[in-house]
Amino acid sequence: FDYFAGHFGSEKLDRPAEIVTFATKEQRDLLVNLQDSKGISDSSFRKALDNYGVKSTKSLTTEQATEFITRLEKYNAG
C-alpha cells in the first residue's frame, strides 16, 4: 500500500471503487448502423467520439452510448 500511496496518493487509493459499465454490443452495433444510414463520414464519427473522450465505441459507457445514439437518431445530414 505504501508503495502505491507514494506514487498515486493515498486519497486515490482510499476512495470507494467506481463501477463503470461499458456500451453493450447492441449499442455499439446500433451506433455503426446509424453512422452508415445517416451517411456520417469516419472522420466526423471520430470527432464525435472525441467529445466523449474516447477513440472507439468500445470505450463508451452505456450512458454515453445512449446519449450518442439519441443524438445520431436526431441527426439529419445536409
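Computed over heavy atoms, backbone and side chain alike; hydrogens, waters and symmetry mates excluded.
Residues satisfying the side chain to side chain contact (heavy atoms under 4.5 Å, CB included) criterion with Gln35, sequence neighbours excluded, are Ile40, Asp42, Phe45. The ring-ring contact (aromatic ring centres under 6.0 Å, His included) check on Tyr52 picks up Phe68, with sequence neighbours excluded. Listed by chain and number, the residues in a side-chain hydrogen bond (donor to acceptor under 3.5 Å, both in side chains) with Asn33 amount to none (sequence neighbours excluded).
Residues in residues 25-34 take part in these salt bridge (charged side-chain N to carboxylate O under 4.0 Å, His left out) pairs, two or more places apart or across chains: Lys25-Asp29. Legend: salt bridge (charged side-chain N to carboxylate O under 4.0 Å, His left out) pairs involving residues 54-71, not counting sequence neighbours, sorted by first then second residue: Asp50-Lys55. Applying the ring pair (Phe, Tyr, Trp, His ring centres under 6.0 Å) test to residues at least two apart or on different chains, none of the pairs has a partner in residues 15-43.
To the nearest 0.5 Å, atom CD1 of residue Ile69 and atom CG of residue Leu34 are 7.0 Å apart. Distance OG/Ser41 to NZ/Lys47: 7.5 Å, rounded to 0.5 Å. Interatomic distance, Ser44 OG to Tyr75 OH, rounded to the nearest 0.5 Å: 6.5 Å.
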Handout entry: Full working for side chain to side chain contact (heavy atoms under 4.5 Å, CB included) between Thr61 and Thr66
Key = CA-CA 9 Å; Thr61 65; Thr66 298; over 6 Å; no
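Checking Thr62 against Gln27 by side-chain atom types alone, no donor-acceptor pair falls below 3.5 Å.
Of all heavy-atom pairs spanning Glu73 and Lys38, the tightest one is O-NZ, 3.2 Å. When all heavy atoms of Thr57 and Ala23 are compared, the closest pair comes out as O-CB, 3.9 Å.
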